[in-house]
Amino acid sequence: MNVPRPALFLLVLLSTQLGNSYAADRPNILFLFSDDHAVKSISAYGGSLAKVAPTPNIDRIAHEGAVFRNSFCANSICGPSRATILTGKHSHANGFMRNGNSFDAKQWTVAKELKASGYTTAVIGKWHLKSDPVGFDHWEILPGQGSYYNPDFLQMDGQRKRFDGYATDLTTDKAVAWLESRDADKPFFLMCQHKAPHRTFSPALRHLGDFDDVDIPEPDTLFDDYSNRSDLLAKNEMEIDRHFDWAYDVKIRKDERGDVKLPAPDRYGTPEYNRMNADQRKDWDAHFGPKNKEFLADFRAGKLKHRDVVRWKYRRYMRNYLSTVKAVDESVGRMLKYVDDHGLADNTIVIYSSDQGFFLGEHGWYDKRWMFEESFRMPFIIRWPGVIDAGSQPRELIQNIDYAPTFLEAAQVEIPSAVQGRSLVPLLTGNTNDWRESLYYAYYELGEHAVPQHFGVRTDRHKLIYFPQADQWNLFDLKTDPQEMQSVHADPVYEDTRAALTAEYHRLRKMYDAPDYEKL
Ligand code: SGN
Ligand code: CA
């Protein structure tokens, strides 16, 4: 390489200062992330909602890069997923096992490592790890879950400031503003993290009504009776029917959240509604008011049977959910445009992901947590021009423990041995040699939505789940029973499979040094 002398001097100086030498053209990493975005509501993933999912910009990343078809989380809940992404470790190894824990900010993270290696780093939007972000040159985060309308953001100086507008738009504005003001001599690592489409699925007001005329297909399992699996399933508290805050008996709970925006929130004052200003409420009321009136009139006249009401709630849920996704996709479009307009596209890795999956009516549910496919799956779509062939669809089993090592390899930084995940870079270039054949899952929460602690292993074809509280095992054959309606754990036909999976489950627990159930 023919480098002019002063430039060479600078390079050498830089490498000595950093204690390492890095190529000058390390890629930027733009990590676009949302909260509770199920793969089936992204067109590029296909599936029953592919035709109605409003995701042209997320799909663009997919078409120009790769869609990981078998991407999963390690623990299907918000804070733990984020902690896993930052550390490349399972929940027990990074200490953040349940929402409400406080992230031990003293530990190693990929953000700290990238920053130390010469990246400029920022996180904007939802954080949900309690302790302040460390390892970022800049951060501006939503407190806790954050609000959809006129949200507060926590600033680096400790101030909490309220901003007018919609959380998804504001998060994007702030991400763009940071890109504008960043130290452009360094490669960047930006985590742009939305609250949407998280409960209460509250759309940008400009999108109210966008899905009113869209026919939304209903999942086959909307009326699951929870038979043929652990009896713990039936004890859940996450049914669209019984647990959305408007139940068939029209009893309004004191902590009304506004899940289906009914009855008119001005009478019951949901937290989201209370944050809106008069103009915003006008739009909201104009949209939901007449629809609620019509529904309630039919309901009170006895025209709707129990299942009609569940179906009505499901459709309203989906219309609001997809509307919030629409704003997330617009944000992705704005970020892609930024990298295009500033000549950054060729050397920027763009990722779209979300902290876990979500039930969109499957098994009658909303929310996540279970190791069932809908909540276990995590979108992972990545574009890296010149490295990934456009339109790739890798099928290997990947997990959020793999993100940190992937970022490190892309940034030419050594991966510490304590990281439990593996870099996806070989898969990006089609090298699938020696890739893992199974994934470990662990869910530790005890209370919310009455989902029991459970642990498991998944291969490409089978899934074994253990519920220690009841000492019960479920086994699913994902080929013959993709909707996971029937455990075959006691079926003699599956004896060999059961033995092999049980052994694999214990092997993984040992390999990852998973804690004993009694210690949880
Ligand atoms: C809130 C939600 C729950 C949700 C948790 C965890 N209720 O408590 O439905 O499971 O967050 O979500 S809400 O009415 O306040 O929205 S997570 O994404 O943060 O893990
Ligand atoms: Ca989440």
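Everything numeric here is computed off the predicted structure, so don't read it as measured data. Counting starts at 1 for both ligands and their atoms, in listed order.
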Going by distance only, is there an N or O of Y366 that falls short of 3.5 Å from an N or O of ligand 1?
-> no
Of all the atoms in Q356, is at least one N, O or S atom closer to the Ca ion (ligand 2) than 3.0 Å?
-> yes
Could you tell me which non-hydrogen atom of Q453 sits nearest to which non-hydrogen atom of Y444, and how far apart they are?
-> NE2-O, 2.8 Å
What orientation do H138 and W178 show, parallel under 30°, tilted 30 to 60°, or perpendicular over 60°?
-> parallel
Do the side chains of F103 and R82 get nearer than 4.5 Å, heavy atoms only?
-> no
Just checking, R199 and Y366: is the charged tip under 6.0 Å from the six-membered ring centre and within 45° of the axis?
-> no
Within 45 degrees of the axis of the six-membered ring of F189 and under 6.0 Å from its centre: does K115 put its NZ or CZ there?
-> no
Please identify which atoms of ligand 1 are closer than 4.0 Å to at least one heavy atom of H449.
-> 3 (C), 4 (C), 9 (O), 10 (O)
Of all the N, O or S atoms in D355, the one nearest to the Ca ion (ligand 2) is OD2
For atom 11 (O) of ligand 1, what's the nearest protein heavy atom and its distance?
-> Q145 NE2, 2.9 Å
Write the atom name of the N, O or S atom in D36 that is nearest the Ca ion (ligand 2).
-> OD1
Quick one: does NZ or CZ of K174 land under 6.0 Å from the six-membered ring centre of F163, within 45 degrees of the ring axis?
-> yes
I77 neighbourhood, listing ligand 1 atoms whose heavy-atom distance to it stays under 4.0 Å = 20 (O)
Distance from atom 17 (S) of ligand 1 to nearest protein heavy atom, with residue and atom | C78 CB, 3.1 Å
Looking at D35, the N/O/S atom that lies nearest to the Ca ion (ligand 2) is called OD1
Mind checking whether K126 contacts ligand 1 via backbone (N, CA, C, O), side chain (CB onward), both or neither, at a 4.0 Å heavy-atom cut-off?
-> side chain
Taking only Lys NZ, Arg NE, NH1 and NH2, and the carboxylate oxygens of Asp or Glu, determine whether K89 and D513 approach each other closer than 4.0 Å.
-> no
Taking E373 for its side chain and P482 for its backbone only, find out whether a donor-acceptor pair lies under 3.5 Å.
-> no
Which residue supplies the protein heavy atom nearest to atom 13 (S) of ligand 1, what is that atom called, and how far is it?
-> R257 NE, 3.3 Å
Determine, for Y440 and R509, whether the Lys NZ or Arg CZ falls below 6.0 Å from the six-membered ring centre while staying within 45 degrees of the axis.
-> no
Of the protein's non-hydrogen atoms, which lies at the shortest distance from atom 4 (C) of ligand 1, and what is that distance?
-> D367 OD1, 3.4 Å
From R199, R82, K368 - option closest to atom 12 (O) of ligand 1 by heavy atom | K368
Any atoms of ligand 1 less than 4.0 Å from a non-hydrogen atom of D36? List them with their elements.
-> 18 (O)
Atoms in ligand 1 with a heavy atom of R369 nearer than 4.0 Å | 4 (C), 5 (C), 6 (C), 10 (O)
Per-residue contact class, D35 against ligand 1 - non-hydrogen pairs under 4.0 Å | side chain
pair P56-D329: side-chain heavy atoms closer than 4.5 Å | yes
Contacting atoms of ligand 1, where contact means under 4.0 angstrom from a heavy atom of H128 = 19 (O)
Side chains of N99 and E448: do they bring a donor and an acceptor to under 3.5 Å?
-> no
Starting from atom 8 (O) of ligand 1, locate the nearest protein heavy atom and write down its residue, its atom name and how far away it is, to 0.1 Å.
-> E448 OE2, 2.7 Å
